[in-house]
Amino acid sequence: MVKKDSDIRKPMGFGNTSRRFAQSNRRVKGSIAKDRFAFDQSMQGHDCQKIRDGGDFVVQKRDFFGNKVGEPTVFEVKTGHSKLTEAQEKRKHQLGRNRYKIVRY
């Protein structure tokens, strides 16, 4: 039995899944960069928590014995030449240069 062309496009009968689940390359690169940043921070022994508004992560540095060192810092992970949004710019000015950092991958 030969499958029809419509059967190939609809795996398991859920409609056009290629449109539903496709992400743009920019979003995929961004999510990979965020995962990579979180992994790098955890390998250095720092606490890395995701936040929702004004940045991507809050990182608290820890020393060899697990004690907190310094203040928590907000990190924004960017790829390529992407710009900060208005909310990110506002947060950057609120926190200042020492507590808001941009990391590019």
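Side chains included, hydrogens not; waters and symmetry mates left out as well; all remaining heavy atoms used.
- The environment of Tyr105 atom OH is dense: over 12 non-hydrogen atoms of other residues, nucleotides or ligands sit within 6.0 angstrom.
- Within the 4.5 Å cutoff, the side chain of Arg91 has heavy atoms near those of the Val74 side chain.
- Rounding to the nearest 0.5 Å places CD of Glu89 at 4.5 Å from CG of Leu84.
- Under the rule for a side-chain contact (heavy atoms from CB on, under 4.5 Å), Gln49 has no partner lying at least two apart in sequence or in another chain.
- Residues Ala33 and Thr79 approach most closely at CB-CG2, 3.6 Å, considering heavy atoms.
- Both Tyr100 and Ile51 are part of a single hydrophobic cluster, where members link through side-chain heavy atoms under 4.5 Å apart.
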Show me, pair by pair, the donor-acceptor contacts under 3.5 angstrom made by side chains of residues 57-64, not counting sequence neighbours?
unit_1 : atom_1 : unit_2 : atom_2 : d
Gln60  : NE2    : Val69  : O      : 3.3
Gln60  : NE2    : Gly70  : O      : 3.3
Arg62  : NE     : Asp47  : OD2    : 2.6
Arg62  : NH1    : Gly66  : O      : 2.6
Arg62  : NH2    : Asp47  : OD2    : 2.7
Asp63  : OD1    : Phe65  : N      : 3.2
Asp63  : OD1    : Gly66  : N      : 3.0
Asp63  : OD1    : Asn67  : N      : 2.7

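- Here Thr73 contributes atom OG1 and Lys101 contributes atom NZ; the two are 6.0 Å apart, rounded to the nearest 0.5 Å.
- Within 6.0 Å of NZ in Lys29 there are 12 or fewer heavy atoms belonging to other residues, nucleotides or ligands.
- With hydrogens and angles ignored, the 3.5 Å screen pairs a side-chain donor or acceptor of Lys78 with a backbone N or O of Lys83.
- Interatomic distance, Leu95 CG to Glu71 CD, rounded to the nearest 0.5 Å: 10.0 Å.
- Criterion: ILVMFWY side-chain heavy atoms under 4.5 Å apart, direct or through other members. Under it, Phe37 and Ile102 are not part of a common hydrophobic cluster.
- Residues in residues 76-95 take part in no ring-ring contact (aromatic ring centres under 6.0 Å, His included) pair, two or more places apart or across chains.
- By the 6.0 Å contact criterion, CZ on Arg104 is enclosed, its count of non-hydrogen atoms from other residues, nucleotides or ligands being greater than 12.
- Cys48 SG to Phe39 CZ: the interatomic distance, rounded to the nearest 0.5 Å, is 12.5 Å.
- Lys92 contributes atom NZ, which lies 10.5 Å from atom CD of Gln88 (distance to the nearest 0.5 angstrom).
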